[in-house]
Amino acid sequence: MEYNFNAIEKKWQQFWKENKTYQVQIDTNKPKYYVLDMFPYPSGAGLHVGHPLGYIASDIYSRYKRLKGFNVLHPMGYDAYGLPAEQYAIQTGQHPAITTKNNIARYREQLDKIGFSYDWSREVRTCEPDYYQWTQWAFIKMFNHYYDTNLQKALPIENLIKAFEVNGTNGITAAFTEEISFTAADWNAKSDIEKQELLMNYRIAYKADTMVNWCPALGTVLANDEVSEGVSVRGGHPVEQKIMSQWCLRVSAYAQRLLDGLEVIDWTESLKDSQRYWIGKSEGAEMKFKISLPPAPSERGGECLPYQTADLYSYALLKELSEIHRKNTTEAESVLWSVLRNKSLSGYKFRRQHIIDKYIVDFVCLEKHLIVEVDGGYHNRPDIQEADKVRTFILREKDFEVIRFTNDEVINNIHVVLEKIEKKLNSIEIQPKLDQTISPSVGGGRGEASLTVFTTRADTIYGVTFMVLAPESEYTQLVTTAEQKSEVDKYLHKVKNRTERERLADRKVSGVFSGSYAINPISGTEIPIWISDYVLAGYGTGAIMAVPAHDSRDYAFAKHFNLPIICLIEGADISEESLDAKEGIMMNSGFLNGLNVKEAIQKAKDYIKENNLGRVKTNYRLRDAIFSRQRYWGEPFPVYYKDGMPQMLDEKELPLELPEVDKYLPTEKGEPPLGRAKNWQTKEGYPLELNTMPGFAGSSAYFLRYMDPKNNKELVSKEANNYWKSVDLYLGGIEHATGHLIYSRVWNKFLYDIGEICEDEPFKKLINQGMIQGRSNFVYRLVLPIEFKEKIYISKKYYDLLEKENISNIELQEFQKEARRQISKVNSELVERLEKLNSITWNKQGIHVDVNIVDNDVLNIEEFRNHPKYKQDAKDAIFILEDDKFICGWAVEKMSKSMDNVVNPDDIVEKYGADTLRLYEMFLGPLEQSKPWDTNGIDGVHRFLKRLWSLFYKGEEYIVTDEDPIADELKILHKTIKKIEWDIENFSFNTSVSAFMICVNELSSMKCSKKAILSDLVVLLAPYVPHIAEELWHVLGNKASVCDAKFPVFNEAYLVESVVKYPISFNGKVKFTLELPADMNKEEVEKTALANEQTIKQLNGNAPKKVIVVLGKIVNIVL
RNA sequence: GCCCGGAUGGUGGAAUUGGUAGACACGCAGGACUUAAAAUCCUGUGGCUUCACGGCUGUGCGGGUUCAAGUCCCGCUCUGGGUACCA
């Protein structure tokens, strides 16, 4: 019998399918074990040989656990929503659902060939309504909950509403977007819409105006983890910052629990570190610095400040736009402007296309804080109505009244419009309120405002020599004096026009003095306030106290602008650089002098608290996740709009299915693709949300759904969840460290909080498999003068020779001679022409060649000549060979089509079988390490399987016997059992392949074909090479699947040796070995070793200084 | 810059607690079988040196600890990945 792997594999795959071998049910008699692979996005390119690496490892582990008596859940599914299918749809018009379905079918076909033990009856696809209804359901739950920072738990929003009704924000411990305060009376007086707007500040799923990563090329916003170095991770398109109203998830509320959870899960330290860094906790203090403000505008003649109603950050962005608007007025606007201009309305001055906060308003009377807006028909659209609501809300916050008119009203009833405006103007009583554009946290009136800073180094307060504000800070405008205004404006304009990328690339110090000063709350010194973009508005308070002596960024800034530097640490040398380390003894620091830094930090914090100068605070770098995508191929939000406010659909309405659209592009009005869907509204006629959910939505809870995939009443039943609990082993790529692995932890914690599931952490143990890189092959072509039509390829040896820097004339001549010889065999006329050339520079060119026509770096010249890709150049080319072979160069690169180095698992399975593929993938090297795929070694693994086979069959003859095994055979077997068990438990699969090889080699050389030995060996092998193991298992006379065999029990007794081979070393260098009885004691070993004649020779008449005997290990004699 | 890995023959890699460095494979060389090829099997294979026995040397580099270091400590170099003005 030959080892006919193709037939064997087909046969058993069919058997497993028919017998439902891999289907699992809840079985409370057995302990459970849950092994999960990160589910793939089914791309159009199919699987390459790198993809199954992790799947094979997890499959081995699953099968092993099953042999060990566990009830193993090992499911697979597809992360089916995603950009590539949508991009493809845009290009071809093919519905992404069809593309996705086809890709999934291809993936499945490829996966099936490898013989995985997945329970396919539990498959999930994120794009199927019966799956994504639970994504939508969770979103509704998140909308209806807030996060209690005191209980560290999500609670129903109703609780918060009740609290507001009784106490307002007093005593509230809820995670929020913005710190706001109001009384119960305030709350109860608010309209329903106003209440809804306020609640958005607390919901876990909320809608807000946020600075987003906008990718114009993809036409969508991206999450932080989808952007790398200013470009999109997928596609590498530029990304810019933009303010947009988006759905967000309050993941920041879970920051502390995400950190705490890391302590109890078994992930690699480096992965935990990435998450810790991403969460970015810093404990410090917030401190208020009083500012001596520039004189109020009235005192200066009101030159420019009253016009400065724009949020300065937006000003630079919007200024040009506002000018364009002014030049392109609508008819209605012109009509209205003609009467409002020149103070013709009761003497009130109006401005048009004025920037207020981040909006360009049509008309404004600054004196009365009245905004007049004229709207076209466009404002009847739901999304615009909604945006208008927000706009009105924000403008009201800034104390502006807004009245709106339609174009029709203005054009046809201008007198009615004017009457209304005039009435409104006269009714507004403007309180002499200052700082309208300043957030409420600025204390006091003009002249005694204060700025809050966040610092982790409260101890360095005496070293603060200046303050720095972020350019985008709302305080920037407040502290800018008239004298500095033009300078500041110039600076703000400059930094605003810079893209994120430019800012990152250019690390030059830049900044501008605001003209104002702040007072150090502890030392009382006056310090200048500067504005610079090295301070970020989004972190802390957007303002810092600069301590140049002990912060390198502050140091660079101080040096550049010649600001004072005060050293606070005894003995520190700060002449060249700052001392950032948190160590040393304090000096120049008043009450902190003499303390070490750690003590000083604590004491300074206590001081700040006691003296009411600020508060102790913890900041996190982790930001809320933006949850809207302006794309088609994603989960629709279960959201509709009523009076411009978002409302959740009833859970009974779920799933809200993704509608059909005619094109997968934004609408003419710039709405997302769902704007094209017909009747995209509720039964009552309310418009539905046009955004869809991002990629991580569907992947955040899929591991729960596998437990109970067909349940149409719940995400997962209590019974299933209580049995399967959470994932025991999760395998996947490291690239998900700060995306999926954060979001799914948050999602899981939320479901835990609301009592839907029983465990807080989803993935107990996690292993990252390394990437499989490609190994590319090159052919080298001589670059001949243009008049030569011939192509000449040279084998690697000659390429290397010509590459040599100091190539000798002799070497060159030898090469030329050989080249001449080989060329003349094919084309002697060419040799003549070549020799007529005065000088040949021997320029050469490396060209990627398809690795599939290269074997062990030897090019298959015939296939190369006829390969469609190379034909044109290669058809009649001349090959200069070495040893009659054409050897290719090689390099390790990414596995990709463009490198011509993609190896398809199907081809390997076809040629060697799935078992060889599985084993070879494991044999390549440690699971967690990245390594190149090099098909070269695969023969060795395949030969191993053949040798294993030959223990059972000699030719056509079945040679297994029932003889009793001898001690040596049992020793080999049990050595292997021990090794394999240890290896699997430690995910060291590459070494177990070696162990199997050693075992089979030894059994072969002993000609051992005893059933007692082979039976156990087959079970050991079954997790790795299930097909051949199943075949041999049945050959041995078993009727049931090898999957349900029992893992052999290791018996130490078989390994006991009667003799030990002692290496005898001198000064640590082994010279010879000595075989001694294992039960010999230390003294006897020493004596025997010293008496040995080789020892005497080594000692050369000298007495040893010392003899070390490690029993059972080694003897070392010190000379 | 910071954080986390890695560096061992021509190649992939092994050495689990400090105890014979290079297991197991690939490749290469030689041989057996064969008319021949494939397949299979056997032998050799870190480097230098020696006819040989053997000797010397050797785990990125420089130090150190130890009877003994690929493994532990200190200081570097190169390299892969993550991250980025986070106060």
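Numbered from 1 within each chain, the chains take letters A, B, ... in sequence-line order.
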Could you tell me which residues satisfy ring pair (Phe, Tyr, Trp, His ring centres under 6.0 Å) with [X], sequence neighbours excluded, listed by chain and number?
| X | value |
| --- | --- |
| Tyr277(A) | none |
| Phe289(A) | none |
| Phe778(A) | His848(A) |
| Tyr912(A) | His942(A) |

Query raised in the report: When you measure from every atom of RNA chain B, which of residues 542-553 of chain A have a heavy atom less than 4.0 Å away?
Result: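 Ile544(A), Arg553(A) - these, ordered by number, are the residues of the stretch whose heavy atoms sit under 4.0 Å from the strand.
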Query raised in the report: What about Phe557(A) and Tyr555(A), are their ring centers closer than 6.0 Å?
Result: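 Distance test on ring centres: not under 6.0 Å, no.
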Separation of atom [atom1] in [X] from atom [atom2] in [N], rounded to whole Å:
| X | N | atom1 | atom2 | result |
| --- | --- | --- | --- | --- |
| Ile601(A) | A87(B) | CD1 | C1' | 12 Å |
| Arg775(A) | C26(B) | CZ | C1' | 11 Å |
| Met771(A) | G6(B) | CE | P | 18 Å |
| Ile531(A) | A87(B) | CD1 | P | 22 Å |
| Glu735(A) | U83(B) | CD | C1' | 16 Å |
| Leu469(A) | C85(B) | CG | P | 18 Å |
| Lys1069(A) | G58(B) | NZ | C1' | 11 Å |
| Ile734(A) | G6(B) | CD1 | P | 13 Å |

Which value, in whole Å, describes the distance between the [atom1] atoms of nucleotides [N] and [M]?
| N | M | atom1 | answer |
| --- | --- | --- | --- |
| C61(B) | G9(B) | P | 10 Å |
| U16(B) | A69(B) | P | 16 Å |
| A14(B) | A7(B) | P | 9 Å |
| A23(B) | G46(B) | C1' | 14 Å |
| U57(B) | A68(B) | P | 15 Å |
| C53(B) | G47(B) | P | 16 Å |
| C41(B) | U79(B) | P | 43 Å |
| C85(B) | A15(B) | C1' | 45 Å |

Requested in this report: Could you list all the side chain to side chain donor-acceptor pair (under 3.5 Å) pairs where at least one residue sits in residues 455-466 of chain A, not counting sequence neighbours?
Outcome: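 Pairs touching residues 455-466 of chain A that pass the test: Arg457(A)-Asp459(A).
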Of the listed nucleotides ([options]), which one gets closest to any side-chain atom of [X]?
| X | options | value |
| --- | --- | --- |
| Tyr277(A) | U83(B), A87(B), C86(B) | U83(B) |
| Arg621(A) | U83(B), A25(B), A87(B) | U83(B) |
| Asp533(A) | C26(B), A87(B), C85(B) | C85(B) |
| Asn936(A) | C28(B), C26(B), C67(B) | C26(B) |
| Thr738(A) | G27(B), A23(B), U83(B) | U83(B) |

Under 3.5 Å, which N/O atoms of the protein pair with N/O atoms of nucleotides 12-22 of chain B?
residue	atom	partner	partner atom	Å
G12(B)	O2'	Leu924(A)	O	2.5
G13(B)	O3'	Asn990(A)	ND2	3.4
A14(B)	OP1	Asn990(A)	ND2	2.8
U16(B)	O2	Trp982(A)	NE1	3.0
U16(B)	O4	Lys979(A)	NZ	2.4

Query - Ion pair Lys559(A)/Asp554(A), N-O distance below 4.0 Å - result: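 Between Asp554(A) and Lys559(A) there is no salt bridge, as every charged N stays at least 4.0 Å from the carboxylate O atoms.
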Query raised in the report: Could Glu1057(A) and Lys971(A) be called an ion pair, given the rule that one side-chain N must be under 4.0 Å from one carboxylate O?
Result: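 Answer for the salt bridge query: yes.
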Query - Base-paired stems in RNA chain B, each at least three Watson-Crick or G-U pairs under 3.5 Å - result: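 Only these stems qualify: B:1-7 with B:77-83, B:10-12 with B:24-26, B:27-32 with B:40-45, B:46-49 with B:54-57, B:60-64 with B:72-76.
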I want to check one thing: is the phosphate of [N], taken as OP1 and OP2, less than 4.0 Å away from some side-chain N or O of [X]?
| X | N | answer |
| --- | --- | --- |
| Lys1071(A) | C56(B) | yes |
| Asn1001(A) | A25(B) | yes |
| Tyr539(A) | A87(B) | yes |

Query raised in the report: Under 3.5 Å, is there a donor-acceptor pair between the side chain of Ser473(A) and the main chain of Leu469(A)?
Result: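 Between the backbone of Leu469(A) and the side chain of Ser473(A) there is no qualifying donor-acceptor contact (under 3.5 Å).
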Query raised in the report: Quick one: side chain to side chain donor-acceptor pair (under 3.5 Å) partners of Thr1095(A), sequence neighbours excluded?
Result: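 None.
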Query - Interatomic spacing from CZ in Phe923(A) to CE in Met997(A) - rounded to 0.5 Å - result: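 Phe923(A) CZ to Met997(A) CE: 4.0 Å, rounded to 0.5 Å.
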Query raised in the report: Does one side chain, of Ser578(A) or Asp551(A), offer a donor that lies under 3.5 Å from an acceptor on the other?
Result: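 Note: Ser578(A) and Asp551(A) side chains miss the donor-acceptor criterion.
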Query raised in the report: Between Ile1117(A) and Ile938(A), who's closer to the 5' end of RNA chain B by nearest nucleotide?
Result: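 Taking each residue's closest nucleotide, the earlier one in sequence belongs to Ile938(A).
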Requested in this report: Could you tell me which residues satisfy salt bridge (Lys or Arg N to Asp or Glu O under 4.0 Å) with Glu286(A), sequence neighbours excluded, listed by chain and number?
Outcome: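 For Glu286(A), the residues satisfying salt bridge (Lys or Arg N to Asp or Glu O under 4.0 Å) (neighbours in sequence not counted) are Arg615(A), Lys617(A).
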Query - Residues in salt bridge (Lys or Arg N to Asp or Glu O under 4.0 Å) contact with Asp855(A), at least two apart in sequence or another chain - result: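 For Asp855(A) there are no salt bridge (Lys or Arg N to Asp or Glu O under 4.0 Å) partners, ignoring immediate neighbours.
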Query raised in the report: In terms of base orientation, is G27(B) syn or anti, with the syn window spanning 90° either side of 0?
Result: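 You should classify G27(B) as anti.
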Query raised in the report: Are Met287(A) and Ile461(A) side-chain neighbours, meaning at least one heavy-atom pair lies under 4.5 Å?
Result: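 A side-chain contact exists here, since the closest heavy-atom pair is under 4.5 Å.
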Query raised in the report: Do Phe987(A) and Pro926(A) have side-chain heavy atoms sitting under 4.5 Å apart?
Result: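 Result no, sub-4.5 Å side-chain heavy-atom pair not found.
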Query raised in the report: Going 5' to 3' along nucleotides 36-45 of chain B, which nucleotides have protein heavy atoms under 4.0 Å from the base (write B), which only from the sugar-phosphate (write S), and which from neither (write -)?
Result: ---SSS----
Query raised in the report: Using a cut-off of 4.0 Å on non-hydrogen atoms, how would the nucleic acid contact of Asn619(A) be classed: base, sugar-phosphate, or nothing?
Result: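 Asn619(A): no heavy atom of the nucleic acid under 4.0 Å.
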